[in-house]
Amino acid sequence: MAFNHATLCPAWTRYDLDPCEVVMTNRAPVSFHADPRVKTATSEDYAGSGYDRGHMAPAADFNFDAAALWETYSYVNVCPQDPKLNRGSWSRFEREIRELAPSGRVEILT
């Protein structure tokens, strides 16, 4: 991942989704949080903005490990997304990637 300090958003993310790591069940919800090492956006920045906090590396891809899942809720991994995009085509894209993973290791670059 590279973080853009000017926009307070990730510039890009990259990770491998190993078939053995695809866990289709959800863990308990995690709260969004700041990374103390980096100045990021905050919950207040999103309040009333009309934008969703969109994960660049999706939380659902990290259900295999509680610590990894927690990391996805850091504002270092989040950028503003239009709700229709975040809950619509972006969400479908993420699900389709997880469906491909059992056929072999998948590399994701967003």
Nearest heavy-atom neighbours spanning [X] and [Y]:
X     : Y     : value
Ala59 : Leu69 : O-CD1, 3.3 Å
Ala41 : Asp45 : CA-OD2, 3.2 Å
Phe62 : Pro58 : CD1-O, 3.2 Å
Val78 : Pro10 : O-CD, 3.2 Å

Those residues that, when tested against Asp35, pass salt bridge (charged side-chain N to carboxylate O under 4.0 Å, His left out) (two or more places apart): Arg37
Are any non-hydrogen side-chain atoms of [X] and [Y] less than 4.5 angstrom apart?
X     : Y     : answer
His55 : Tyr73 : yes
Val38 : His5  : yes
Tyr46 : Pro80 : yes
Tyr75 : Arg53 : yes

What do you reckon, is OH of Tyr51 surrounded by more than 12 foreign heavy atoms closer than 6.0 Å?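 At most 12 heavy atoms, drawn from other residues, nucleotides or ligands, come within 6.0 Å of this atom.
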Rounded to the nearest 0.5 Å, what separates atom NZ in Lys84 from atom OG in Ser89? 11.5 Å
From SG (Cys9) to CZ (Phe3), nearest 0.5 Å: 6.5 Å
Please check: side-chain N/O of Asp52 versus main-chain N/O of Gly54, any donor-acceptor pairing under 3.5 Å?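 Answer holds: no.
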Side-chain donor or acceptor of Asp16 paired with backbone N/O of Asp18 under 3.5 Å: no
Might you work through the side-chain contact (heavy atoms from CB on, under 4.5 Å) test for Met56 and Tyr15, ending with a clear yes or no? CA-CA 10 Å; Met56 293 295 89; Tyr15 64 98; over 6 Å; no
Donor-acceptor pairs under 3.5 Å, side chain of residues 92-100 to any protein atom, not counting sequence neighbours: which ones?
residue	atom	partner	partner atom	Å
Glu94	OE2	Trp90	NE1	2.9
Arg95	NH1	Ser91	OG	2.9
Arg98	NH1	Asp61	OD1	2.6

If you apply the rule side-chain contact (heavy atoms from CB on, under 4.5 Å), what do you find for Asn77 with Met1, and how did you get there? CA-CA 8 Å; Asn77 182 49; Met1 173 190 306; 3.8 Å; yes
